[in-house]
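Numbered from 1 within each chain, the chains take letters A, B, ... in sequence-line order. Keep in mind that what you see is a predicted model, and the values were worked out from it rather than measured. Hydrogens, waters and symmetry mates play no part in the numbers below; they use all other heavy atoms, side chains included.
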Number of protein chains: 2
Amino acid sequence: MSEPRASALSEIRQRMLDFIVRYKEEHDLPPTIREIQRGLGISSTSMVSYHLKALERAQLVNRYHRRSRGLVLQQPAHARDMVSVPIVGQIVASEPVPTPDADALASADNVLHIARSLVGNGRNLYALEVRGDSMIDALINDGDIVVLQRVENPAEVKNGDLAAVFLLDRNESTLKRVYREGQRLKLKPENPRMRPFYVDAAQASIQGKVMCVIRRT
Amino acid sequence: MSEPRASALSEIRQRMLDFIVRYKEEHDLPPTIREIQRGLGISSTSMVSYHLKALERAQLVNRYHRRSRGLVLQQPAHARDMVSVPIVGQIVASEPVPTPDADALASADNVLHIARSLVGNGRNLYALEVRGDSMIDALINDGDIVVLQRVENPAEVKNGDLAAVFLLDRNESTLKRVYREGQRLKLKPENPRMRPFYVDAAQASIQGKVMCVIRRT
DNA sequence: CTTGACGTAGAACGTCTGTTCAGCTATCAT
DNA sequence: ATGATAGCTGAACAGACGTTCTACGTCAAG
């Protein structure tokens with residue numbers, strides 16, 4: 001038998017927590033004390049009340065006291081953490097990478113909802129759809145979605161970050177890992193079978209940092 | 001003044017709907033009839049009941065009758081549409097693609113939360129992390145996450161679907177677009193610069209359908 | 001052994017809650 | 001005018017609900 005510790009949950013409390021989660025998922029509504037009682041075969045409402053107080057002290061549930069169904073779960077990670085990313089255009093090799101202004105953001109008719117856990121703080125995000133196979137050395141194909149974070153200060157891009165870069169001398173945009181080497185920029189394709197190459201830092205304009213690449217199939 | 005039509009919502013009902021939405025967001029709990037009454041300055045609970053019945057007929061709310069706070073909103077688009085996908089293992093060329101059983105699903109310590117809009121109905125999903133660059137002709141690199149849907153019936157995989165296939169004769173797993181051509185299977189790399197090839201259908205085992213590929217950077 | 005902490009059982013209480021009903025007013029087509 | 005429909009009021013009821021209290025049992029520490 002495993003000893004229940006002060007900080008651990010007794011079996012019944014764990015089951016209560018599970019029951020509440022399941023009930024909420026099923027009904028989109030927290031259970032009442034008596035529903036918990038019946039659902040777990042507990043003999044008395046006072047028992048439920050008792051353990052509920054313990055769960056409350058352990059900060060595992062919040063309660064609205066004296067209110068029916070006044071049970072609120074401490075957000076279990078996945079709750080409410082979606083972020084809306086506007087798909088503001090397409091990325092084409094022969095054009096600079098679009099960087100949206102407030103106008104373009106507001107009028108974006110296409111929005112991608114993704115989990116915040118994929119994109120960090122979620123500030124200044126926008127998405128582009130890739131056209132053609134010109135980004136193939138970044139392992140990105142026609143139709144893929146690239147989620148970018150707007151770069152306001154070039155220092156935001158650290159060595160090894162994958163970024164959208166526009167090459168002034170070639171009149172071409174590309175997605176590469178960026179490394180600063182003195183006056184030069186080393187641009188390394190995401191494809192490990194391809195060779196890095198170098199450009200004059202003055203001839204390259206970093207436009208956005210790639211946070212995430214998504215391919216729907 | 002705009003005439004309220006039979007199919008349109010009278011002002012009070014619209015306000016009730018708004019109130020319920022706001023209340024739920026604020027408290028993570030539906031309101032009681034009397035809370036709606038007080039919140040909107042309605043004189044009687046029977047009025048709330050009355051309008052609630054109308055909203056119910058209009059399919060704008062669902063109700064658990066005779067249950068306190070038994071109000072459930074018809075999901076307003078973005079709500080609740082996250083799906084948890086367990087990352088159950090890694091995909092390596094030289095091994096069959098893992099297909100998780102209930103056990104593996106329960107013990108998955110790593111879970112990916114993604115928007116349901118990326119993965120359709122969200123049934124039987126699991127995710128694998130790619131190891132090495134053996135999937136590079138599917139434009140997938142080391143560290144990428146592949147979201148798969150378990151294939152129970154081979155017919156679920158339609159021509160042109162991207163799928164995880166294990167090639168018995170080569171003892172190798174791979175991600176390719178699959179086309180049935182008589183006794184043969186045409187396997188087309190996701191990379192448009194590479195050539196498709198053919199295998200005997202009996203020598204290929206389709207293990208999962210690729211729903212989505214995600215690269216975090 | 002005593003004590004205290006913890007878990008349990010059962011019941012009671014006062015309030016909250018959804019529902020219903022009888023009756024009121026206003027509008028509008030018949 | 002008549003009747004129908006919709007909106008509204010106020011009150012009441014029965015059951016659901018959260019809370020609290022007394023009493024009991026167990027177990028380990030002092």
Side-chain angles (χ1 to χ4, degrees), chain A residues 1-20 23-24 26-73, chain B residues 1-20 23-24 26-73:
Chain A
M1 291 291 162
S2 65
E3 291 279 299
R5 296 144 113 303
S7 61
L9 282 176
S10 65
E11 190 217 331
I12 182 64
R13 290 178 188 172
Q14 187 59 59
R15 286 205 299 143
M16 278 181 56
L17 216 50
D18 291 348
F19 180 84
I20 295 169
Y23 191 101
K24 270 197 153 178
E26 216 168 303
H27 301 85
D28 205 14
L29 198 73
T32 66
I33 286 183
R34 280 174 177 82
E35 281 165 348
I36 299 173
Q37 183 201 352
R38 281 192 294 270
L40 297 180
I42 296 173
S43 53
S44 170
T45 57
S46 58
M47 266 297 90
V48 181
S49 205
Y50 177 63
H51 291 305
L52 235 33
K53 276 181 187 139
L55 289 176
E56 198 184 355
R57 271 194 301 275
Q59 291 284 319
L60 290 168
V61 301
N62 287 339
R63 299 188 70 188
Y64 293 103
H65 289 275
R66 294 165 201 276
R67 302 207 159 258
S68 65
R69 303 175 191 275
L71 281 172
V72 181
L73 291 173
Chain B
M1 289 291 164
S2 67
E3 290 280 297
R5 321 244 285 43
S7 62
L9 250 47
S10 66
E11 190 217 331
I12 181 66
R13 289 176 192 174
Q14 187 59 60
R15 287 205 298 143
M16 277 181 56
L17 216 51
D18 291 348
F19 180 84
I20 296 169
Y23 190 101
K24 269 197 151 178
E26 217 169 301
H27 300 85
D28 204 15
L29 199 72
T32 66
I33 285 183
R34 279 174 177 82
E35 281 165 348
I36 298 173
Q37 184 201 354
R38 282 192 294 269
L40 298 180
I42 296 173
S43 52
S44 169
T45 58
S46 56
M47 264 298 91
V48 181
S49 205
Y50 178 60
H51 291 305
L52 234 33
K53 273 180 190 142
L55 290 175
E56 197 185 356
R57 270 194 302 273
Q59 290 285 319
L60 291 167
V61 301
N62 287 341
R63 299 187 70 188
Y64 293 102
H65 290 273
R66 293 163 201 276
R67 302 199 161 257
S68 65
R69 304 177 190 273
L71 281 171
V72 181
L73 291 172

Exercise for the section: Look at the side-chain N and O atoms of A/Ser68 and state whether any lies under 4.0 Å from the OP1 or OP2 oxygen of D/dG18. Expected result: no
Problem - Base D/dG18 paired with A/Arg67 side chain (donor-acceptor, <3.5 Å) - result: no
Exercise for the section: Can you label the angle between the A/Phe19 ring and the A/Tyr23 ring as parallel, tilted or perpendicular, going by 30° and 60°? Expected result: tilted
Handout entry: Phosphate OP1/OP2 of C/dG7 contacted by A/Tyr50 side-chain N/O (<4.0 Å)
Key = yes
Practice task
Please state whether the phosphate of C/dC13, meaning OP1 or OP2, lies under 4.0 angstrom from any side-chain nitrogen or oxygen of A/Arg66.
Solution key: no
Exercise for the section: Tell me whether the OP1 or OP2 atom of C/dT19 has a side-chain N or O from B/His65 closer than 4.0 Å. Expected result: yes
Handout entry: B/Thr45 (side chain) and C/dT17 (base): donor-acceptor pair under 3.5 Å
Key = no
Exercise for the section: Establish, with yes or no, whether the OP1 or OP2 oxygen of D/dA6 is under 4.0 angstrom from a side-chain nitrogen or oxygen of B/His51. Expected result: no
Practice task
For D/dC17, take OP1 and OP2 only and decide whether either is under 4.0 Å from a side-chain N or O of A/Thr32.
Solution key: yes
Handout entry: Whether over 12 other heavy atoms sit under 6.0 Å from B/Arg67 CZ
Key = no
Practice task
Assess whether one donor atom and one acceptor atom, taken from the side chain of A/Ser46 and the base of C/dG10, lie less than 3.5 Å apart.
Solution key: yes
Practice task
State whether A/Arg13 places a side-chain N or O below 4.0 Å from either non-bridging phosphate oxygen (OP1 or OP2) of C/dG7.
Solution key: yes
Exercise for the section: Verify the distance criterion only: is there a donor paired with an acceptor across the side chains of B/Glu56 and B/His51 at less than 3.5 Å? Expected result: no
Handout entry: Donor/acceptor link under 3.5 angstrom from A/Ser44 side chain onto base of C/dG10
Key = yes
